[in-house]
Every structure is written in C-alpha cells, then in structure tokens.
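Okay, so here's the structure we're looking at.
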Amino acid sequence: MNRLTVIAELPFGFHLSTPDEAERLVTLMLDDAPDNIKKGDEIEVFVGTDEHGELVAFPEPPAVMIDETAVLTAVSVTDFGAFFDWGLDKDLLVKTRQQEFPVHQGMRCLVHVYLDEQTGRLMGATRLHPFYQEQNHYLHEGDEVDCQVYAKTQLGYKVLINKNCLGLIFQSDAFKPLKIGDQTKGFIKTVREDGKIDVALQPKLHMGRATLEQQIIDDLEAHGGFSTITDKSPAEDIYKRFNVSKGAYKKALGSLYKQRRITINPDMIKLNQETAKK
C-alpha cells in the first residue's frame, strides 16, 4: 500500500506519484478512482503492474500482499502457469516452476506473493521453500504451534508453522483428515539434527496425558458425572469432544481407571466422586 498524490488528470484516469519520485508515475484508472478526486489529493492505494509491466493503482488491496501467504483459488491454467483469484481484476500468476505440485483449475492452494526481480512484477508461488526456512532456533520439542497445510506427500503433510518456517506432519501423526489450506494446532514432535521440524497433532503422551485426564474429569463433572463418550466411541466423536486421537483418549481413560477415578461401562463412563479429586 502506498500514499500517493494525484499529479495529473487524464481522459482515462489519473497519474499518481510522490514528491520524491515524481518521474515514477502510477496510473489510476477512472473506473477505480474515488468520487470527486482531483489534482493535489492524496490517496491510499495498492500498487501493482498491468500486462505491460506498467505501474497501476487499485483502491482496495488484494486478498494477500507482498511477502504474505494465503489460500487462493486457481481460476485458469496454462502451459506456463496457473492464475489465481486474489481480489484484483488481474489474476495472480504462479509459474509452473514455482508450483509445489501441478495446479488444476478450481484448486485451493496456499500461495506466497513475492516481487519477481527479473520482471519487476508481483508473482505467486506454492513452493514455499524459497521463502521460508526449514529450521527455527526458537522452537523446542513440545511447543504448541499454529500450522497450515500447503502440500501432501507420501510421508504426510507439509505445513507452514507460525507463518515463519516449514515442517512436516507424518501420516502416522495425522489422526484427523487434512487438506491443503487447513489450519490446525500442532505440537513440535522432533527437531532433527539437521534442524528440520516434525510436528504432531497432539502432545507426546508423557506431556499431554495429565492434561487430557483432567479434561475428561472436567467433562464428566460438567455432565453430572456421566459421559457416553467411551473407549468404543467413533474416533470422530472423541476428536470433536476432546481434540485428540482415539488412542490417546483410551490411554487416558485407562490411567483414570487405574487411579479408580472413573468406572468404565460398555456404553458409559461414570465419575467416582469419592476419588475424582485425587
């Protein structure tokens, strides 16, 4: 976004610039111009390029700005790239060589916007490695992070972590369905010797079990000491209630049962009031 001054009125629009760069003209088309705009006015505009590489102004910013990443939809595909709708009349080009995987019309992808130094134009990329590192010295095992899926591989899901670095959720650690663009909470599972980061959708058992056990007790107390979410319940129902896998839930129930804090029946979990607070 730039704050520019109207320096000339034209039949088809206006020329904008700044006092420091009066020779660099930005064209604001008449259809995009605010009402009653005149020479000397200052306005806030988004500056991009047209099909000829000339600077043009838009009164509203696109869905994603330079050096940002967002989910966009591919509206057309050619031999040299794919075009994504980003909220402007001119769609955003993601060249074939900047695609993490082949893009088809209608696909929703995580797209990073950057300035192409060779052409001076704003471009997009679904290959995020050139723009984000695969290491982060501030993340440690067990840290809770925000993840966004940008690609699926045979190993699992590539994710953007905290909008800052890249990581991988192995298929075995993805206990719920994920698709490109999904945002999810995760936990740093491993920081490898080469600095690359593995992420899981739930904390390691020794870190997360105590918290999950307390969640189960709190849930039972909130529902009069009873719950129909048992170790036989569908994984989807368990995830919806506790945001964990069925395996983690069963282990937490087993621990609570051994502590005699709950009774497990085929169709119900019951809170043992006399031992629940231990």
Side-chain angles (χ1 to χ4, degrees), residues 64 66-72 82 94-103 107-117 123-215 235-236 238-239 242-252 254-255:
V64 55
I66 188 170
D67 296 329
E68 293 180 349
T69 306
V71 177
L72 303 177
V94 176
K95 294 181 179 180
T96 302
R97 66 173 181 269
Q98 290 287 15
Q99 296 176 14
E100 179 75 25
F101 46 81
V103 175
M107 287 182 65
R108 287 169 55 80
C109 303
L110 201 59
V111 180
H112 182 82
V113 175
Y114 69 99
L115 180 65
D116 184 73
E117 294 182 355
M123 298 284 188
T126 60
R127 288 183 67 245
L128 301 188
H129 289 81
F131 310 100
Y132 294 97
Q133 293 186 348
E134 294 184 276
Q135 299 87 15
N136 186 299
H137 301 296
Y138 300 99
L139 291 175
H140 302 91
E141 183 179 311
D143 286 354
E144 183 174 336
V145 292
D146 293 317
C147 298
Q148 191 163 21
V149 179
Y150 74 91
K152 187 178 187 302
T153 72
Q154 291 183 336
L155 292 176
Y157 301 90
K158 295 182 179 182
V159 292
L160 177 61
I161 303 171
N162 290 346
K163 297 186 181 297
N164 178 265
C165 60
L166 304 179
L168 178 69
I169 299 175
F170 281 98
Q171 192 74 48
S172 58
D173 292 316
F175 59 83
K176 65 176 180 178
L178 292 172
K179 60 182 183 296
I180 292 172
D182 279 356
Q183 299 186 58
T184 183
K185 290 288 185 183
F187 298 86
I188 302 302
K189 179 182 178 181
T190 306
V191 179
R192 297 183 233 164
E193 289 185 2
D194 60 3
K196 293 185 178 181
I197 303 165
D198 298 334
V199 183
L201 294 186
Q202 60 191 25
K204 282 190 174 181
L205 188 59
H206 70 275
M207 292 185 288
R209 180 184 288 174
T211 301
L212 177 55
E213 289 175 11
Q214 189 57 51
Q215 283 182 314
E236 294 79 9
I238 293 170
Y239 177 76
F242 295 102
N243 200 35
V244 298
S245 68
K246 185 171 182 175
Y249 183 68
K250 290 174 69 173
K251 289 175 181 176
S255 177

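What you see is a predicted model; the values in this text were computed from it and never measured. Positions are given from 1 along the sequence.
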* How far does CE of Met123 sit from CD of Glu117, to the nearest 0.5 angstrom? -> 12.5 Å

* Is there a side-chain contact between Ile188 and Thr190 (heavy atoms, below 4.5 Å)? -> no

* To do: Please report the shortest heavy-atom distance between Pro130 and Arg127, naming the atom on each side.
  => CD-O, 3.4 Å

* **Heavy-atom check, side chain of Leu166 versus side chain of Ile197, under 4.5 Å** => no

* Over all atoms of both residues, closest heavy-atom pair of Ala174 and Tyr157 -> CB-CE1, 3.8 Å

* Asked: Looking only at side chains, do Ser255 and Glu213 share a donor and an acceptor under 3.5 Å apart?
  -> yes

* So how far is it from Asp143 CG to His140 NE2, rounded to the nearest 0.5 Å? -> 7.0 Å

* Would you name the heavy atoms of Gln202 and Ala248 that are closest together and state the gap between them? => NE2-CB, 3.5 Å

* Kindly give the heavy-atom pair with the smallest separation between Gly186 and Val199, and that separation in Å. => CA-CG1, 4.0 Å

* Could you go through the side chain to side chain contact (heavy atoms under 4.5 Å, CB included) check for Phe242 and Leu212 one step at a time? => CA-CA 8 Å; Phe242 295 102; Leu212 177 55; 4.2 Å; yes

* Aromatic contact, Tyr132 with His112 (centres under 6.0 Å) -> yes

* Asked: Would you call Lys158-Glu100 a salt bridge at under 4.0 Å N-O?
  -> yes

* Asked: Relative to each other, are the rings of Tyr150 and His129 parallel, tilted or perpendicular (30° and 60° limits)?
  -> perpendicular

* Within the distance-only criterion (no hydrogens, no angle test), does the side chain of Asn162 pair as donor or acceptor with the backbone N or O of Asp146 below 3.5 angstrom? -> yes

* Any side-chain heavy atom of Lys246 sitting closer than 4.5 Å to one from Ile238? -> yes

* To do: Determine whether Cys165 and Leu160 make a side-chain contact, defined as any pair of heavy atoms from C-beta on separated by less than 4.5 Å.
  => no

* Asked: Can you list the steps and then say if Val94 with Cys109 is a side chain to side chain contact (heavy atoms under 4.5 Å, CB included)?
  -> CA-CA 11 Å; Val94 176; Cys109 303; over 6 Å; no

* Asked: Could you walk me through whether Val64 and Thr69 pass the side chain to side chain contact (heavy atoms under 4.5 Å, CB included) check?
  -> CA-CA 7 Å; Val64 55; Thr69 306; 5.7 Å; no

* Asked: Do Leu201 and Asp173 touch side chain to side chain, with heavy atoms closer than 4.5 Å?
  -> no

* Side chains of Leu110 and Val149: does their closest heavy-atom pair fall under 4.5 Å? -> no

* Check: Tyr114 and Gln98 side chains under 4.5 Å, non-hydrogen atoms -> yes

* Structure fact -> NZ (Lys163) and SG (Cys147) are apart, to the nearest 0.5 Å, by 11.5 Å

* **Atom pair CD (Glu134) and CG (Leu128), whose distance is rounded to the nearest 0.5 Å** => 10.5 Å

* Structure fact -> Rounded to the nearest 0.5 angstrom, the CD1-NZ distance for Ile180 and Lys152 is 9.5 Å

* Asked: Are Leu168 and Val159 close enough that some pair of their side-chain heavy atoms sits under 4.5 Å apart?
  -> no

* Residues, nucleotides or ligands: over 12 heavy atoms within 6.0 Å of Gln133 CD -> no

* Measuring from Leu178:CG to Gln171:CD, what's the distance to the nearest 0.5 Å? -> 8.5 Å

* Carefully, step by step, assess Glu144 and Lys185 under the rule side chain to side chain contact (heavy atoms under 4.5 Å, CB included). => CA-CA 7 Å; Glu144 183 174 336; Lys185 290 288 185 183; 3.3 Å; yes

* Is it the case that Lys176 and Thr184 place a side-chain donor and acceptor less than 3.5 Å from each other? -> yes

